[in-house]
Amino acid sequence: PATSTGTRPRRWMLLALPLGACAALVLVLRPRTDARDPLVDEAISDHLRVVYRDQPVDIESGGPHRVKPWFTGRLDFAVPHVYGGDDEFALIGGAVALFRDRKAALLVYKRQLHTISLLVFPSEGLALPSDGRVRQARGFQVVLWRDGDLGYALCSDLNGADLQTLARRIAYQR
């Protein structure tokens, strides 16, 4: 038997070929980063700004009749309704934020230790989905929808079923 390294294939070389082929296949089949939804990314980035702020709201909740009027004169649209929360989802308060290139009403809710952000903004020119399903990215859940001339972006690290429950309560409270 030959003992030189050049004449006898080593075992690792026999494994390298199939492993290399698998790695190439994974690279070809993986999701492309440019296929991500920019509105979902925006909702997550806006949510992270809320979470990292020392004071995430400018008006603390005293209920929807305190928070909703606070937005008057601060936005160029009227917030149609503020869901006042309940035992499961507490309304913490509100602030003015930006969603992409437009001012938005930011409403902050809590469920246990989870922060939930809701942005309400003019929807003109945005391709918002109409299905209300939960989208997942970067460890967060996002629900986007349109109602008339306004768009809604609800985001949290809360599980998708709970976030969808809150989305339904917000949408049907109007």
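- E60 CD: 12 or fewer foreign heavy atoms inside a 6.0 Å radius.
- Counting only heavy atoms from C-beta outward, the side chains of K110 and S156 never approach each other to under 4.5 Å.
- Classification of the H47-F140 ring pair by plane angle, with boundaries at 30° and 60°, yields perpendicular.
- A donor-acceptor distance shorter than 3.5 angstrom exists from the side chain of R102 to the backbone of P122, with no hydrogens or angles considered.
- Applying the 6.0 Å contact sphere to CG of D58 captures more than 12 heavy atoms from other residues, nucleotides or ligands.
- Taking the ring centre of W70 as origin, the terminal cationic atom of R74 falls inside the region bounded by 6.0 Å and 45° from the ring axis.
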* Asked: Step by step, would you call D46 with S117 a side chain to side chain contact (heavy atoms under 4.5 Å, CB included)?
  -> CA-CA 8 Å; D46 293 342; S117 61; 5.9 Å; no
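- A cation-pi arrangement is not found for R169 relative to Y83, the charged atom failing to lie both closer than 6.0 Å to the ring centre and inside a 45° cone about the ring normal.
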* **Candidate pair W145 and I170, rule side chain to side chain contact (heavy atoms under 4.5 Å, CB included), full reasoning** => CA-CA 11 Å; W145 74 94; I170 290 166; 4.0 Å; yes
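- Electrostatic pairing of D162 and R111 counts as a salt bridge here, judged by a charged N lying under 4.0 Å from a carboxylate O.
- Hydrophobic clustering, with ILVMFWY side chains joined whenever heavy atoms are under 4.5 angstrom apart, groups L150 together with L118.
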* To do: Start with the C-alpha gap between K103 and L98, add the side-chain angles, then the distance that decides, and say whether side chain to side chain contact (heavy atoms under 4.5 Å, CB included) holds.
  => CA-CA 5 Å; K103 280 187 174 182; L98 288 176; 4.2 Å; yes
